[in-house]
Amino acid sequence: MLETKLQTELQNKVNKKIAPLFSKYNMDFSSLESGMKWKPIVLIIGNYSSGKSTLINEILGTEIQRTGQAPTDDAFTVITSEGNDRPKEVPGSTLINDDRLPFVKFKKYGEKLTSHLCLKNVNSPTFQNMAIIDSPGMLDATTEKDRGYDYMEVLGEFAKMADLIVLMFDPHKAGTIKETYSAIRNTLPEKSGEDRIIFVLSRIDECDNISDLVRSYGTLCWNMSQMTGRKDIPHIYLTYSPDVANFRKVADLWPQERKELVEKIYAAPNLRLNHILEDIDRQVNELQIVCEAVTEFTQRGRKLFRKIGKITVGIGVGLFCFGDVLTNSLVSLPQQTLISVLRGGSFSFMNLILPLILLFTALASGWVVFNNFGFKRLLQKTLSDSSDLVSLENEYRRNLWKKMAGKTNEFLRKSKAKDIRQGHSGNLAKIRRFLEDDLKKYYDKLRS
Ligand SMILES: Nc1nc2c(ncn2[C@@H]2O[C@H](COP(=O)(O)OP(=O)(O)O)[C@@H](O)[C@H]2O)c(=O)[nH]1
Ligand SMILES: [Mg+2]
């Protein structure tokens with residue numbers, strides 16, 4: 001109840017304060033309803049044969065997914081309970097054409113993905129209000145090319161929808177976490193994003209001894225700190241499947257973690273509001289970096305304008321005072337210069353005509369120089385490498401920029417010299433206030 005109230009309140013706030021800014025910067029704000037109209041989703045990802053399908057079978061208590069040591073399954077399988085009257089299995093081609101489901105966005109990845117996507121309808125009360133998605137593990141770079149669609153991008157899209165992401169690794173391939181993690185990192189907001197991911201080192205029963213396990217754990221941690229740039233390591237669940245584990249000496253030291261992991265997965269529906277918050281957070285952060293870049297560009301434009309302006313005004317004033325002296329000495333016109341009439345005391349408006357013409361010509365030329373050369377050059381230079389418009393102090397910012405640089409350039413390319421009149425720092429301040437005050441308040445409310 002409280003959650004619905006918070007959700008509506010938040011939605012109104014976003015529509016009022018932030019949505020107009022998205023259209024201002026030619027960005028789409030994917031409305032909250034569209035992505036999250038379906039059930040809460042748990043996404044299981046990680047290297048192949050890390051035990052993803054085994055975990056899913058364990059949760060459902062049935063052998064719904066095929067398991068095996070090799071990359072046995074190369075499909076994204078959505079498992080949920082849709083009722084007995086619905087088909088047991090729905091192919092990808094149907095899923096991507098059903099507006100009620102959140103899979104329409106996968107249409108653009110083509111037939112190769114569609115044929116590797118399906119929904120399995122199981123008979124389970126718990127799964128009436130949630131879905132779990134099994135995913136193919138990442139292969140090595142060369143094999144990955146044969147897949148026929150951009151696996152990393154698709155994984156990112158699934159991660160965006162998921163309320164909970166379980167990132168699973170086995171001790172043999174703990175080093176491959178980096179690629180998988182970077183595929184989903186952009187789908188999360190900067191600060192709170194980690195809450196939505198659970199890191200799991202699975203199949204720990206296969207470690208011969210503790211030092212073996214510690215080595216794998218260390219590899220995982222090292223790779224994780226490389227990605228997050230953080231020194232603190234989030235909790236890593238050390239688990240094994242009780243059904244298939246054989247050598248239990250090491251595993252028995254962590255008997256409870258599998259249970260905790262499964263409980264977390266069951267509790268995923270509670271994370272929905274958090275997900276909505278994070279989704280807004282992510283999108284507003286994307287908007288923020290574009291706005292930052294545009295603000296910086298405008299400031300550079302203004303600086304250049306001032307520089308050319310100063311010179312122009314200098315020349316203009318010089319021409320205003322002494323221009324007629326020059327024309328007088330060259331073509332004997334005007335007969336009386338401004339200075340001479342001011343000295344002689346016989347000033348009339350006629351004496352101002354030429355100085356004013358010269359002044360305005362100088363100012364107009366200054367504008368032409370700024371408009372046709374200065375600004376154009378600045379724009380070209382900026383477009384050739386716009387990355388210095390924003391500070392890129394960490395991996396998150398670098399990734400975010402990589403994603404948004406195209407959007408920014410697209411916006412800048414359309415800008416005209418006269419647009420520098422328009423300040424963007426006010427918009428930036430609004431965005432910052434929204435992230436730091438409004439959104440934070442909701443995060444706090446949710447946690448309290
Ligand atoms: N010893 C052991 N084997 C496991 C464990 N979890 C999964 N396996 C086995 O590892 C292989 C790969 O598992 P699977 O669930 O298919 O991995 P997926 O590719 O990530 O879906 C299968 O042969 C499983 O029986 C575990 O905790 N311990
Ligand atoms: Mg599998």
Side-chain angles (χ1 to χ4, degrees), residues 41-80 89 92 113 115-120 122 131-140 143-144 147 151-152 154-155 158-159 162 164-181 183-184 197-210 212-213 215-217 220 236-265:
I41 293 172
V42 179
L43 174 68
I44 316 272
I45 59 179
N47 69 263
Y48 72 84
S49 70
S50 54
K52 299 184 290 295
S53 305
T54 306
L55 174 68
I56 290 174
N57 290 346
E58 192 181 312
I59 288 174
L60 284 152
T62 140
E63 293 290 306
I64 183 107
Q65 288 294 81
R66 226 154 46 104
T67 59
Q69 292 296 348
T72 33
D73 186 358
D74 57 357
F76 285 93
T77 312
V78 183
I79 300 155
T80 187
E89 208 162 319
L113 173 66
S115 58
H116 289 93
L117 172 68
C118 73
L119 182 144
K120 285 186 183 170
V122 293
I132 197 162
I133 303 182
D134 196 0
S135 68
M138 195 161 76
L139 308 166
D140 58 82
T143 331
E144 205 48 70
R147 222 190 267 271
Y151 170 79
M152 298 287 257
V154 169
L155 208 57
F158 274 109
L164 180 70
I165 301 166
V166 179
L167 203 52
M168 268 182 117
F169 286 85
D170 66 68
H172 318 289
K173 298 185 206 69
T176 60
I177 188 175
K178 215 164 159 176
E179 285 88 350
T180 315
Y181 181 83
I184 60 164
I197 311 182
I198 303 185
F199 297 93
V200 179
L201 184 62
S202 107
R203 296 174 64 166
I204 58 163
D205 59 293
E206 290 180 318
C207 294
D208 288 337
N209 46 47
I210 289 286
D212 213 18
L213 175 66
R215 211 169 297 126
S216 298
Y217 181 79
L220 202 59
I236 299 175
Y237 287 81
L238 302 177
T239 80
Y240 61 93
S241 161
D243 302 337
V244 287
N246 34 42
F247 186 73
R248 304 281 284 261
K249 211 164 87 196
V250 175
D252 281 347
L253 295 172
W254 280 271
Q256 83 288 9
E257 297 235 323
R258 187 77 166 189
K259 205 170 134 248
E260 281 171 24
L261 170 65
V262 172
E263 276 165 10
K264 270 255 183 198
I265 291 176

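Atoms within a ligand are numbered from 1 in the order they appear, just like the ligands themselves.
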**OP:** Determine yes or no for a side-chain-to-main-chain donor-acceptor pair under 3.5 angstrom, with R203 supplying the side chain and H172 the backbone.
**Re:** no

Original post:
What distance do I64 atom CD1 and R66 atom CZ have between them, rounded to the nearest 0.5 Å?
Top reply: 13.5 Å

Original post:
Polar-atom distance check: A245 versus ligand 1, any N or O pair below 3.5 Å?
Top reply: no

Original post:
To which protein heavy atom is atom 15 (O) of ligand 1 closest, and what is the distance rounded to 0.1 Å?
Top reply: T54 OG1, 2.5 Å

**OP:** Could you pull out, from P136, G46, S135, G51, the option with a heavy atom nearest to atom 17 (O) of ligand 1?
**Re:** G51

Original post:
Is the backbone N or O of Q65 less than 3.5 Å from a side-chain atom of N57, with the two atoms forming a donor-acceptor pair by type?
Top reply: yes

Subject >> Closest protein heavy atom (residue, atom, distance) for atom 12 (C) of ligand 1 >> reply: G68 O, 3.1 Å

Subject >> ligand 1 atoms in contact with Y240 (distance to a heavy atom under 4.0 Å) >> reply: 27 (O)

Original post:
Within a reach of under 6.0 Å around NZ of K264, are more than 12 heavy atoms found that belong to other residues, nucleotides or ligands?
Top reply: no

Subject >> Inter-residue atom distance T54.OG1 - I59.CD1, 0.5 Å rounding >> reply: 11.0 Å

Original post:
Touching ligand 1 at all, S202? Heavy atoms, strictly under 4.0 Å?
Top reply: no

Subject >> Closest approach of any protein heavy atom to atom 6 (N) of ligand 1, naming residue and atom >> reply: R203 CG, 3.6 Å

Original post:
Is the closest heavy atom of S50 to ligand 1 under 4.0 Å?
Top reply: yes

Original post:
Rounded to the nearest 0.5 Å, how far apart are CD1 of I45 and CD1 of I197?
Top reply: 7.5 Å

Original post:
Counting each atom of ligand 1 from 1 as listed, which ones have a heavy atom of Q69 under 4.0 Å away?
Top reply: 10 (O), 11 (C), 23 (O)

Subject >> Non-hydrogen side-chain atoms of R258 and S241 separated by less than 4.5 Å >> reply: yes

**OP:** Report yes or no: does D212 contribute a side-chain atom to a donor-acceptor pair with the main-chain N or O of R215 at less than 3.5 Å?
**Re:** no

Original post:
Which ligand 1 atoms, with their elements, are less than 4.0 angstrom from a heavy-atom of S49?
Top reply: 12 (C), 17 (O), 18 (P), 19 (O), 20 (O)

**OP:** Just need the protein heavy atom nearest to atom 28 (N) of ligand 1, so name the residue and atom and give the distance.
**Re:** D205 OD1, 2.7 Å

Subject >> Side chains of L201 and L213 in contact at under 4.5 Å (non-hydrogen atoms) >> reply: yes

**OP:** Measure the OG1-NZ distance between T77 and K52 for me, rounded to the nearest 0.5 Å.
**Re:** 11.0 Å

**OP:** Looking only at distances, please establish whether an N/O atom of ligand 1 is found under 3.5 Å from an N/O atom of S53.
**Re:** yes

**OP:** Under 4.0 Å from a heavy atom of E206: give me the atoms of ligand 1 that qualify, with their elements.
**Re:** 1 (N)

**OP:** Identify which protein N/O/S atoms are less than 2.8 Å from the Mg ion (ligand 2).
**Re:** S53 OG

Subject >> Under 4.0 Å to a heavy atom of Y48 - the qualifying atoms of ligand 1, by number >> reply: 19 (O)

Subject >> Where S202 and P171 come nearest, the two heavy atoms and their spacing >> reply: O-CD, 3.0 Å

**OP:** Please tell me if the side chains of L261 and L55 come closer than 4.5 Å, counting only heavy atoms from C-beta onward.
**Re:** yes

Original post:
With sequence neighbours left out, what residues match F158 under ring pair (Phe, Tyr, Trp, His ring centres under 6.0 Å)?
Top reply: F76, F106

Original post:
How far apart are the closest heavy atoms of I265 and L164, and which atoms are they?
Top reply: CA-CD2, 3.9 Å

Subject >> Top protein contact for atom 27 (O) of ligand 1, by heavy-atom distance >> reply: S241 N, 2.6 Å

Subject >> Which residue and heavy atom of the protein sit nearest atom 3 (N) of ligand 1, plus the separation >> reply: V244 CG2, 3.8 Å

